[in-house]
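Report on one structure; see the data block that follows.
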Number of protein chains: 2
Amino acid sequence: MDTVFAHFSRYISLSDTLKTELAAVLTPVHFSKGELVLDAERTCTRSYFILQGMLRAYFLKDGKEITDFFSAEEEWCNSPKSFYTQQPGEYYLDAIEPADAMAISARDLVSLFDRFPEMERYARLSMGTVFGHLMERIASLRFTSAKEKYAHFLQTYEGIHHRIPLGMVASYLGITQETLSRLRADR
Amino acid sequence: MDTVFAHFSRYISLSDTLKTELAAVLTPVHFSKGELVLDAERTCTRSYFILQGMLRAYFLKDGKEITDFFSAEEEWCNSPKSFYTQQPGEYYLDAIEPADAMAISARDLVSLFDRFPEMERYARLSMGTVFGHLMERIASLRFTSAKEKYAHFLQTYEGIHHRIPLGMVASYLGITQETLSRLRADR
DNA sequence: GTAATTATTTGATCCAGGTCAAATTTTAAC
DNA sequence: GTTAAAATTTGACCTGGATCAAATAATTAC
């Protein structure tokens, strides 16, 4: 639980009351490697704060899995639109490594937003961080060669990139695995 | 001012007190066509709620302007990272149409966040909307033909796309203007 | 440990969209 | 209006990365 608190503390100061409330609604979950965390057919009712391991979000295009993002230690993972609207979304979530996480339901989160203004602030600020990453990614997807895209990926996922299978990286970058493989071999 | 209030009301209910405070810190500004609203060398100290006209954010790559987004009526426009961190960012903002807007300073906004929890909520929720657009855009930039990208643009900027010069659309999409021109002529 | 499955690499070929160049149309300035 | 400047279109050509196919390596299951 300390890890979760430490994360929140990067954005807001946590009162004891809020700590207690958070502890009450965060439940530990485990996913084994390859396990489907969320099926796109279903609504994403919970958000996962990852303590250990890695989850991935992907969608299907022409029957193929297109990876959209990876979430590792000390990050939240959910199907954003689905979690926000509480309607089924387009994303599948799966565990590409065995994972331990703390889960919070959308219901409980909304209740916290209603009772703790600092939770609103936390959400606004942490969202801002992710927002910046999305904008950088958009920039890196346009007018850049496959090599530049890969370089940007290595930078963004510095420290975890080696834990991600090549095929998933390729679809994340919007290039084929063949191209990425050649790129790594430097040709 | 009514237009601004109506916009806020889509996310939160505005108390009279908050209305008064907002009215006190929002100042009308006008930009003539082609005017530089923000130089990337400077910090973005104000955010603009557009009443009429269109602003655009772009950055320079190899000396060329790469358009990153357009903001039109009833939308906020600023250099996100710069406005958030109060440090110079990479974006230039300019008016691609004569524009009337209401400006709020980062300073005043922070003060509102401190005193009105509902402002935090507004920010969180409205940010969520933009967040969704960014993710869709990322999806549309990968594994899609130039034609598909353009179709997505027409959908995203439905109702305003005809007001945007072709060259800016091209750099927004990450394709050359020649390709976009041929695309429109349907070849 | 061995077989089966899945991931990665390598090779050959092809095309969407880039680049460079120039003509034409539109817009702005005076 | 006339001229200049900017935006858009058109043409010819070329290349990065896609596609298709098959070999090799690495994991996983039993």
Side-chain angles (χ1 to χ4, degrees), chain A residues 31-36 53-54 56 58 60-67 70 92 94-99 139-154 160-187, chain B residues 31-36 53-54 56 58 60-67 70 92 94-99 139-154 160-187:
Chain A
F31 301 107
S32 43
K33 180 167 181 168
E35 187 176 343
L36 192 68
M54 200 178 328
R56 155 183 93 121
Y58 66 93
L60 297 178
K61 168 155 176 141
D62 305 329
K64 281 185 298 186
E65 298 180 359
I66 309 284
T67 297
F70 306 96
Y92 294 81
D94 66 358
I96 62 175
E97 288 179 355
S140 112
L141 285 172
R142 290 174 307 157
F143 300 107
T144 55
S145 63
K147 180 182 264 178
E148 285 177 285
K149 291 187 182 94
Y150 183 56
H152 182 258
F153 162 77
L154 290 181
I160 23 178
H161 64 80
H162 58 279
R163 290 158 56 185
I164 309 173
L166 172 139
M168 294 179 188
V169 174
S171 72
Y172 170 85
L173 294 175
I175 61 180
T176 60
Q177 18 178 359
E178 291 94 328
T179 297
L180 181 54
S181 174
R182 285 183 240 264
L183 213 67
R184 287 215 265 198
D186 191 29
R187 268 167 308 111
Chain B
F31 301 108
S32 43
K33 180 166 181 170
E35 187 175 345
L36 193 68
M54 200 178 326
R56 156 183 91 121
Y58 66 93
L60 297 178
K61 168 154 177 141
D62 306 329
K64 280 184 298 184
E65 299 180 358
I66 308 284
T67 297
F70 306 96
Y92 294 81
D94 66 359
I96 62 174
E97 289 179 355
S140 112
L141 286 172
R142 291 175 304 158
F143 299 108
T144 55
S145 63
K147 179 182 264 179
E148 286 177 284
K149 289 188 183 94
Y150 183 56
H152 182 258
F153 161 78
L154 290 181
I160 27 175
H161 64 81
H162 59 280
R163 290 158 56 186
I164 309 172
L166 172 139
M168 295 180 188
V169 174
S171 72
Y172 170 84
L173 294 176
I175 61 180
T176 60
Q177 11 179 3
E178 291 93 328
T179 297
L180 181 54
S181 175
R182 284 183 240 265
L183 213 66
R184 288 216 263 197
D186 191 29
R187 264 167 311 113

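Each chain gets a letter, A, B and so on, in the order its sequence line appears, and its residues count up from 1.
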Separation of D:dA18 atom P from A:Asp62 atom CG, nearest Å, is 15 Å
In whole angstroms, the gap separating C1' of D:dA18 from CG of A:Leu173 amounts to 15 Å
Between C:dT27 (P) and B:Glu97 (CD): distance, integer Å = 13 Å
Atom pair distance, as rounded to whole Å: CG in A:Leu166 and P in D:dA25 | 16 Å
Distance below 4.0 Å between A:Lys33 side-chain N/O and D:dT27 OP1 or OP2 = no
B/S/- along nucleotides 12-22 of chain C (protein heavy atoms under 4.0 Å) is B----SSBB--
Could you state the atom-to-atom distance from CD of A:Glu65 to C1' of C:dT6 in whole Å?
-> 12 Å
Taking every non-hydrogen atom, the tightest pair across A:Met54 and A:Ala99 = N-CB, 4.3 Å
Is the shortest heavy-atom distance from the side chain of B:Arg142 to the side chain of A:Leu141 under 4.5 Å?
-> yes
Should B:Arg182 and B:Glu178 count as side-chain neighbours, where that means a heavy-atom distance under 4.5 Å?
-> yes
Below 4.5 Å, heavy atoms only, C-beta onward: do B:Ile164 and B:Phe70 meet side chain to side chain?
-> yes
Taking C-beta and beyond as the side chain, do B:Met168 and B:Tyr58 meet within less than 4.5 Å on heavy atoms?
-> no
Quick one: does B:Glu65's side chain get under 4.5 Å of B:Leu60's, heavy atoms only?
-> yes
